[in-house]
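For reference, the structure is listed below as structure tokens.
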There are 2 protein chains.
Amino acid sequence: MTQKIPDLYQVKEKMYVATDCIIFGFDSGKLKLLLFKRLVEPLKGRWSLIGSFVRLDEDIDVAGKRVLKEITGLDNVFMQQLKTYGKKDRDPGYRCISVAQYALISSDEHDEDLINEKKAHWFEIKDLPGLILDHEQMVQDALEQLRNNARYKPIGFELLPEKFTLPQLQSLYEAIYQVKLDSRNFRKKVLSLNVLEKLDEKDKSASKRGAFLYKFDYNNYNKLRESGYHFVIA
Amino acid sequence: MTQKIPDLYQVKEKMYVATDCIIFGFDSGKLKLLLFKRLVEPLKGRWSLIGSFVRLDEDIDVAGKRVLKEITGLDNVFMQQLKTYGKKDRDPGYRCISVAQYALISSDEHDEDLINEKKAHWFEIKDLPGLILDHEQMVQDALEQLRNNARYKPIGFELLPEKFTLPQLQSLYEAIYQVKLDSRNFRKKVLSLNVLEKLDEKDKSASKRGAFLYKFDYNNYNKLRESGYHFVIA
DNA sequence: ACAAAAGTGTTGAAAATACACCCATGT
DNA sequence: ACATGGGTGTATTTTCAACACTTTTGT
């Protein structure tokens, strides 16, 4: 039989490649999502994720960071690729695939003026408006991945400021998983992991007594990982 | 201040979009990967994953299935998107991003002639040759995801024939995680999940006594999932 | 003095681990 | 009869889950 070079090596068609950002924040005990009112046709005026085409000379993850910077003013944000959406008819205009990436930002940090200017709005996760195209699917998938990952990696910490209190951390996990946790068991479990460093300061913004602040200890976390341990909160 | 529509809505450049397939198999107690000797320049003769450009009128996941079919002759294979590789210089020739997908196939099924014809070869996971471009990274990432997923979802079963024995299943998990498991504890745990249906047949290919065959029970598994259970083996 | 959130221990149940021998069968 | 892999039970340790009161401090 003759050896035919398969067709697949030859078909070379180009497509539009975009990235969309699912931006999670945490504020007042609520898990939130940053959404945008589209300023341009088509679908002008509808809520959507923020996205951009990826430039020819730009890494995809860099494109995500660029978008995030343009919107929030933030650099150095935790961002992770979620999934690529590539149904041939997902965008009615032209063939465009989208690499969705999700970001976790601590909501005390972003630039509010910038967000207002871009007609963006923080929505509670339980109360999202309808979104264009496959953006609702993206959000569902991102939530699922966030929940999976927050169980075994400390990415939940990315949603908090550098220094945070245990009640804040607990409330974050409660918001992510939509459950109520017992504070005694929660503290026991978290502290037993030895990945939190207790500081000598207190945060008094949430109570008169004040709660001790902690920092996440990446060194200890990495040691823990290497020894094959699984990080399970909640 | 004037509201400027951000640049990002306007840059529209097209790129090549490819998909690469990480094909896992399980055979003789070893976890294996199907690799290909490249038939075309550039990098002709080097080992690589098998891939293809995605066609303009083709969903990305469909492209993956097409590639898999061309190589193994198999339809209806478990396949899952891994990650999109989009560094701007990942391919030296032109800007090309690749959506990596991984497949799990039960090694008794594929078409050997087809594989020979395509100059493909099954490599043990512990003994892989060097690969082109970022394909080694893809394989590492796929392994990590396989290990993560096999812990909480029954995807390990995809690597076995429809009917399999408990010693086979145990050996599969041992191959995935590179550990030795205690057969009593393993059986206890797996059977306690109630997702296996014991058949009245035995497989005598591995021992004189023969081992009972089991089938995976998707109904019970789905019930289990809905009740929020986490599937943890090993 | 009181309201409001922070912090703290114990007990019982359940799950995970460690561990060694008999069984069935083909040769 | 023996070699080979299949199959089984129990005791110990560890982890998880349930549960309520005292402390601190600003008003």
Side-chain angles (χ1 to χ4, degrees), chain A residues 26-30 151-152 160-161 163-175 177-215 224 227-234, chain B residues 26-30 150-152 160-161 163-175 177 179-215 224 227-234:
Chain A
F26 180 66
D27 181 38
S28 319
K30 314 277 190 201
R151 228 179 269 277
Y152 305 101
L160 292 173
K163 300 172 182 181
F164 52 86
T165 68
L166 290 183
Q168 274 180 302
L169 184 63
Q170 177 176 345
S171 145
L172 169 59
Y173 273 85
E174 290 175 338
Y177 296 108
Q178 299 287 306
V179 291
K180 203 92 192 79
L181 301 173
D182 178 273
S183 68
R184 285 167 291 190
N185 293 338
F186 181 80
R187 299 168 80 93
K188 228 180 303 168
K189 215 192 271 188
V190 172
L191 292 174
S192 75
L193 296 170
N194 264 315
V195 294
L196 295 188
E197 184 184 342
K198 187 175 184 175
L199 304 176
D200 267 336
E201 306 165 64
K202 283 192 166 188
D203 170 80
K204 298 209 167 187
S205 64
S207 75
K208 335 220 154 168
R209 180 179 176 180
F212 278 103
L213 286 162
Y214 289 78
K215 275 201 316 193
L224 199 62
S227 67
Y229 192 86
H230 274 254
F231 195 93
V232 181
I233 294 174
Chain B
F26 179 66
D27 180 39
S28 319
K30 314 275 189 202
R151 228 180 268 278
Y152 305 101
L160 292 173
K163 300 174 182 180
F164 52 87
T165 68
L166 290 183
Q168 274 179 304
L169 184 63
Q170 176 175 345
S171 142
L172 169 60
Y173 274 86
E174 290 176 337
Y177 295 109
V179 290
K180 201 93 193 80
L181 301 173
D182 178 273
S183 69
R184 283 167 292 188
N185 294 338
F186 181 80
R187 299 169 80 94
K188 226 182 301 169
K189 214 192 272 188
V190 172
L191 292 174
S192 75
L193 296 170
N194 265 315
V195 293
L196 295 188
E197 184 185 341
K198 186 174 183 174
L199 305 176
D200 268 337
E201 307 166 61
K202 283 193 168 191
D203 169 79
K204 299 210 170 188
S205 64
S207 73
K208 337 221 148 159
R209 181 181 177 180
F212 277 103
L213 287 162
Y214 288 78
K215 275 201 316 193
L224 199 62
S227 67
Y229 191 88
H230 274 255
F231 196 93
V232 181
I233 294 174

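Residue numbers start from 1 in every chain, and the chains themselves are labelled A, B, ... in the order their sequence lines are given, proteins ahead of strands. Basis for what follows: all heavy atoms, side chains included, without hydrogens, waters or symmetry-related copies.
Within the 4.0 angstrom heavy-atom criterion, no nucleotide atom of any strand lies near Thr165(A). In this structure, Lys188(B) reaches the bases: a heavy-atom distance under 4.0 Å links it to at least one base atom across the strands shown.
Between Phe212(B) and Lys202(A), it is Phe212(B) whose nearest contact on DNA chain D lies nearer the 5' terminus. Heavy-atom distances to DNA chain C give each of Leu191(A) and Ala206(A) a nearest nucleotide, and the one nearer the 5′ end belongs to Ala206(A).
Taking atom CG on Leu193(A) and atom C1' on dT15(D), their separation rounds to 13 Å, with Å as the unit. Put simply, CG on Leu169(B) is 15 Å from C1' on dG6(D), counting in whole angstrom units. Atom C1' of nucleotide dT12(D) and atom CG of Asn185(B) are separated by 12 Å, given to the nearest angstrom. Counting to the nearest Å, the C1' atom of dG5(D) and the CZ atom of Arg184(B) are 15 Å from each other. The separation between Lys189(B) atom NZ and dT8(D) atom P is 18 Å, rounded to whole Å. Here dG9(D) presents its C1' atom at 12 Å from CG of Asp182(B), a figure rounded to the nearest Å. Rounded to whole Å, the distance from CG on Leu166(B) to P on dG7(D) is 7 Å. dA17(D) atom C1' lies 16 Å from atom NZ of Lys180(A), rounded to whole Å.
Side-chain contact between Leu169(A) and Leu160(A) is present, with at least one heavy-atom pair separated by less than 4.5 Å. When side chains are defined from C-beta on, Pro167(B) counts as touching Arg187(B), because their heavy atoms get closer than 4.5 Å.
Distance check, rounded to the nearest 0.5 Å: CD of Gln170(B) to CG of Asp182(B) gives 7.5 Å. In this structure, Leu172(A) CG and Leu166(A) CG are separated by 12.0 Å, a value rounded to the nearest 0.5 Å. The line from OH of Tyr214(B) to CG of Leu199(B) is 9.0 Å long, rounded to the nearest 0.5 Å.
In 5' to 3' order, the nucleotides of DNA chain C bounding all contacts with chain A (an atom under 4.0 Å from a heavy atom) are dA5(C) to dT10(C).
For the residue pair Tyr173(B) and Ala150(B), the shortest heavy atom distance occurs at OH-O, 3.4 Å.
Under the 3.5 Å distance criterion, the side-chain polar atoms of Glu174(A) are matched with a main-chain donor or acceptor of Leu181(A).
For Ser207(B), whose side chain is taken as the heavy atoms from C-beta onward, the closest listed nucleotide among dG7(D), dG5(D), dT24(D) is dG5(D).
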